[in-house]
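Letters A, B, ... mirror the listed sequences (proteins, then strands); counts begin at 1.
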Amino acid sequence: MNKNFAEKVYKTVQKIPLGKVATYGQVAMLCGSSKAARAVGTALHRNPTPDVIACHRVVNRSGCLAKNFGFGGQESQKRLLELEGVLVDENYRVNLYNYQWDEKINKD
DNA sequence: ACCATGACTCCAT
DNA sequence: CATGGAGCCATGG
């Protein structure tokens, strides 16, 4: 395997702190390419280990999760985020202003 | 190696 | 804010 980019994506997603969310672009930038958001989506869509990769903590630039989300769809996504303390509106949208992961604050 | 697809993002209208 | 078009990256046939 060792799908370099995908591995990086998975690693970054696993680094997202509980109760926070990150955008595809954010993950892409941390992976080395600020424009590889699409590739990030592809990698997460494969999501080989949903038990380890918190794909539900990854949302698009609007704070909304992709409609093609697996694992039960946005329904399960919303529940998971709320369980982590993230408020999701009826439009399945989160307040990035308050919940977007800030790697600066979270950095080791 | 080429073409088509996709869990994206940005800009213009 | 909604819609459409263009750009970028990685994967699969």
Side-chain angles (χ1 to χ4, degrees):
Chain A
M1 293 177 65
N2 193 8
K3 306 289 187 182
N4 266 331
F5 199 83
E7 285 291 307
K8 248 178 171 183
V9 173
Y10 301 144
K11 208 171 192 175
T12 304
V13 173
Q14 288 171 69
K15 264 179 52 178
I16 302 174
L18 191 150
K20 288 272 181 174
V21 299
T23 68
Y24 292 94
Q26 187 80 52
V27 176
M29 175 162 51
L30 293 173
C31 285
S33 298
S34 54
K35 301 168 189 168
R38 232 167 170 167
V40 173
T42 301
L44 283 178
H45 187 193
R46 297 177 50 157
N47 202 353
T49 53
D51 292 305
V52 179
I53 302 166
C55 45
H56 60 269
R57 287 187 202 148
V58 184
V59 297
N60 65 15
R61 232 243 175 230
S62 308
C64 267
L65 193 70
K67 297 176 166 69
N68 293 328
F69 182 69
F71 316 107
Q74 300 174 314
E75 175 185 302
S76 129
Q77 178 264 329
K78 186 182 181 203
R79 191 170 56 191
L80 287 167
L81 288 177
E82 293 198 323
L83 283 172
E84 299 188 350
V86 178
L87 300 180
V88 183
D89 66 24
E90 60 277 6
N91 208 20
Y92 296 102
R93 204 156 82 182
V94 304
N95 189 335
L96 291 176
Y97 188 80
N98 293 326
Y99 295 112
Q100 184 169 35
W101 172 39
D102 188 336
E103 63 285 357
K104 282 179 176 293
I105 295 175
N106 188 70
K107 71 170 185 254
D108 305 303

S.K.: If you round to the nearest 0.5 Å, how far is CD of A/Q77 from OH of A/Y92?
M.R.: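 Result: 8.5 Å between the selected atoms.
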S.K.: What's the closest nucleotide to the A/F5 side chain, out of C/dA10, B/dT9, B/dA7?
M.R.: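 In terms of side-chain proximity for A/F5, the closest of C/dA10, B/dT9, B/dA7 is C/dA10.
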S.K.: Given the rule that I, L, V, M, F, W and Y join up when any side-chain heavy atoms are under 4.5 Å apart, are A/M29 and A/F5 in one cluster?
M.R.: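 No, no single cluster joins them.
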S.K.: Categorize A/T42 for me: base, sugar-phosphate, or nothing, with a 4.0 angstrom heavy-atom threshold over every strand shown.
M.R.: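 Result for A/T42 = base.
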S.K.: Could you check which of B/dT9, C/dC8, B/dA7 has an atom nearest any side-chain atom of A/N60?
M.R.: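 The answer is B/dT9, which lies nearest to the side chain.
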S.K.: Counting only heavy atoms not in A/K8, do more than 12 sit closer than 6.0 Å to its NZ atom?
M.R.: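 Count not over threshold, so no.
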S.K.: Give the cluster check for A/W101 versus A/L87: same hydrophobic cluster or not, with ILVMFWY residues linked at side-chain heavy-atom distances below 4.5 Å.
M.R.: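 As far as the 4.5 Å side-chain criterion goes, A/L87 and A/W101 are connected within one cluster.
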S.K.: To the nearest Å, how far apart are A/H45 NE2 and B/dG6 P?
M.R.: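 Computing the A/H45:NE2 to B/dG6:P distance gives 10 Å.
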S.K.: Roughly how far, to the nearest 0.5 Å, is the CG atom of A/L44 from the NE2 atom of A/H56?
M.R.: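 Result: 12.0 Å between the selected atoms.
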S.K.: May I have the distance from A/Y24 (atom OH) to B/dT9 (atom C1'), rounded to whole angstrom?
M.R.: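 Distance, rounded to whole Å: 13 Å.
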S.K.: To the nearest Å, give me how far apart CZ (A/F69) and P (B/dC8) are.
M.R.: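 About 13 Å, once rounded to whole Å.
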S.K.: Under a 3.5 Å limit for both distances, which nucleotide forms a Watson-Crick or G-U wobble pair with B/dC2, could you say?
M.R.: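 The base-pairing partner of B/dC2, which may sit in any strand shown, is C/dG13.
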S.K.: What is the distance, to the nearest angstrom, from the CE atom on A/M29 to the P atom on C/dC9?
M.R.: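 My rounded result for the distance is 15 Å.
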S.K.: What's A/A39 touching, base or sugar-phosphate or nothing? Going by heavy atoms closer than 4.0 Å.
M.R.: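 The answer is base, as A/A39 lies within the cut-off (heavy atoms under 4.0 Å) of a base atom.
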S.K.: Map A/R93 and A/V40 onto DNA chain C by nearest heavy atom, then report which one ends up closer to the 5' terminus.
M.R.: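 Counting from the 5' end, the first nearest nucleotide belongs to A/R93.
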S.K.: When you measure from the side-chain N and O atoms of A/R46 to the phosphate of C/dG12, is any distance below 4.0 Å, counting only OP1 and OP2?
M.R.: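 Yes, A/R46 has a side-chain N/O under 4.0 Å of OP1/OP2 on C/dG12.
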S.K.: Whole Å only: how far is the CG atom of A/N68 from the C1' atom of B/dT5?
M.R.: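 From A/N68 CG to B/dT5 C1': 12 Å.
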S.K.: Could you tell me whether the side chain of A/R61 has a donor or acceptor atom within less than 3.5 Å of a complementary atom in the base of B/dC8?
M.R.: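 Side chain to base: no pair below 3.5 Å.
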S.K.: Specify the separation, in whole Å, of atom NZ of A/K35 and atom C1' of B/dC8.
M.R.: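 These atoms are roughly 13 Å apart.
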S.K.: Rounded to the nearest angstrom, tell me the gap between atom CG in A/L65 and atom P in B/dG6.
M.R.: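 Taking atom P of B/dG6 as the reference, CG of A/L65 is at 17 Å.
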S.K.: Just how far, in rounded Å, is P of B/dA7 from CD1 of A/I16?
M.R.: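 Taking CD1 of A/I16 and P of B/dA7, I get 19 Å after rounding.
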